[in-house]
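Note that the coordinates shown come from a computational prediction; the quantities given were computed from them, not determined experimentally.
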Amino acid sequence: MIGDGDFRSRECIELLNEADVVVTNPPFSLFREFVAQMFRHNKKFLIIGNVNAISYKDTFMHILNGEMWLGQSIHSGDREFRVPNNYPLEAVGTRIDDDGNKYIRVKGVRWFTNIDYAMRHEELDLYRRYY
């Protein structure tokens, strides 16, 4: 890799064009732009995003139109991510492992995908009788 790894760079778009599936954790602040790029390039994807992204107009429309949905896992929404060594550990949930790697806990994350899976087609019981 020659550039800075920005998903919008020519180099990354060339790599994207070679990919069949994209699995990544894009910057939450650029989530809309990243999802738009996945649809522009007609890519299958499994990406991590903040659960609040459901309320973004364009994300909501993809969900409403059945073009994107929530993935099967990460139901609690609380996940740990490794961060660069120079990253300031100012968040509430942080740790450093025995090898000196830094981690932060992020709440409210979910998988967003356009890859089908069986569980999303299971019927939900929306009522229950109690005797």
Side-chain angles (χ1 to χ4, degrees):
M1 184 172 276
I2 298 167
D4 61 4
D6 188 317
F7 68 88
R8 299 164 293 194
S9 71
R10 182 183 345 230
E11 180 183 23
C12 287
I13 291 173
E14 287 173 6
L15 290 170
L16 175 63
N17 288 331
E18 295 177 24
D20 295 320
V21 177
V22 175
V23 180
T24 192
N25 174 21
F28 288 1
S29 62
L30 299 173
F31 184 84
R32 292 174 227 211
E33 192 172 345
F34 188 84
V35 168
Q37 182 169 305
M38 294 299 101
F39 280 102
R40 258 193 324 275
H41 290 271
N42 197 30
K43 293 299 174 181
K44 293 291 184 187
F45 59 85
L46 181 63
I47 57 177
I48 293 175
N50 187 287
V51 70
N52 293 327
I54 292 170
S55 66
Y56 301 163
K57 180 181 175 184
D58 39 353
T59 303
F60 183 76
M61 291 308 294
H62 287 304
I63 292 171
L64 184 65
N65 293 330
E67 302 163 338
M68 179 169 86
W69 41 87
L70 293 179
Q72 183 173 346
S73 64
I74 310 182
H75 298 292
S76 71
D78 190 4
R79 286 292 172 260
E80 184 176 75
F81 295 94
R82 184 174 168 189
V83 294
N85 289 336
N86 63 345
Y87 192 88
L89 293 182
E90 298 169 353
V92 173
T94 63
R95 75 177 180 92
I96 300 175
D97 69 12
D98 294 338
D99 296 322
N101 299 309
K102 294 181 175 183
Y103 295 86
I104 61 169
R105 291 196 74 72
V106 179
K107 295 187 177 298
V109 296
R110 295 289 189 279
W111 285 110
F112 290 82
T113 187
N114 61 355
I115 301 171
D116 204 9
Y117 59 96
M119 183 185 261
R120 87 180 193 90
H121 299 287
E122 292 177 4
E123 292 203 24
L124 296 174
D125 288 331
L126 298 177
Y127 68 92
R128 186 171 300 252
R129 292 186 182 181
Y130 297 93
Y131 299 97

Looking only at non-hydrogen atoms, find the nearest pair between [X] and [Y] and report the distance.
{"X": "His41", "Y": "Asn17", "answer": "ND1-OD1, 3.1 Å"}
{"X": "Phe31", "Y": "Gly49", "answer": "CE1-CA, 3.8 Å"}
{"X": "Ile13", "Y": "Arg8", "answer": "CD1-O, 3.4 Å"}
{"X": "Phe45", "Y": "Ile47", "answer": "CD1-CG1, 3.9 Å"}

Output yes when a side-chain donor or acceptor of [X] lies under 3.5 Å from a complementary backbone atom of [Y], and no otherwise.
{"X": "Lys44", "Y": "Ile115", "result": "no"}
{"X": "Asn65", "Y": "Glu67", "result": "no"}
{"X": "Asp99", "Y": "Asn101", "result": "no"}
{"X": "Asp4", "Y": "Asp6", "result": "yes"}
{"X": "Lys43", "Y": "Leu16", "result": "yes"}

Side chain to side chain, [X] and [Y], heavy atoms closer than 4.5 Å:
{"X": "Val21", "Y": "Val23", "answer": "yes"}
{"X": "Arg110", "Y": "Val51", "answer": "yes"}
{"X": "Ile48", "Y": "Phe112", "answer": "no"}
{"X": "His121", "Y": "Asp116", "answer": "yes"}
{"X": "Glu80", "Y": "Arg95", "answer": "yes"}
{"X": "Phe39", "Y": "Met68", "answer": "yes"}

Could you grab the distance from atom [atom1] of [X] to atom [atom2] of [Y], nearest 0.5 Å is fine?
{"X": "Arg120", "Y": "Trp69", "atom1": "CZ", "atom2": "CH2", "value": "4.0 Å"}
{"X": "Glu122", "Y": "Asp125", "atom1": "CD", "atom2": "CG", "value": "10.5 Å"}
{"X": "Ser29", "Y": "Asn50", "atom1": "OG", "atom2": "CG", "value": "11.5 Å"}
{"X": "Asn52", "Y": "Thr59", "atom1": "CG", "atom2": "OG1", "value": "11.0 Å"}
{"X": "Glu90", "Y": "Ile104", "atom1": "CD", "atom2": "CD1", "value": "10.5 Å"}

Query raised in the report: When hydrophobic residues are tied together by side-chain contacts of less than 4.5 Å, even through go-betweens, does Phe28 share a cluster with Tyr56?
Result: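 Phe28 and Tyr56: separate clusters.
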Query raised in the report: Would Tyr103 and Ile96 count as a side chain to side chain contact (heavy atoms under 4.5 Å, CB included) if you check the C-alpha gap in whole Å, the side-chain angles of each, and the deciding distance to 0.1 Å?
Result: CA-CA 6 Å; Tyr103 295 86; Ile96 300 175; over 6 Å; no
Taking [atom1] in [X] as the centre, count heavy atoms belonging to other residues, nucleotides or ligands within less than 6.0 Å. Is the count above 12?
{"X": "Arg10", "atom1": "CZ", "result": "no"}
{"X": "Phe60", "atom1": "CZ", "result": "no"}
{"X": "Tyr87", "atom1": "OH", "result": "no"}

Requested in this report: Before giving the answer on side chain to side chain contact (heavy atoms under 4.5 Å, CB included), spell out for Ile54 and Leu70 the whole-Å C-alpha distance, their side-chain angles and the decisive distance to 0.1 Å.
Outcome: CA-CA 9 Å; Ile54 292 170; Leu70 293 179; 4.1 Å; yes
**Report entry** Polar side chain donor-acceptor pair, Asn114 to His62, under 3.5 angstrom
**Finding:**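 Absent: no donor and acceptor within the cut-off.
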Query raised in the report: Passes side chain to side chain contact (heavy atoms under 4.5 Å, CB included), Val22 versus Phe7? Steps please.
Result: CA-CA 11 Å; Val22 175; Phe7 68 88; over 6 Å; no
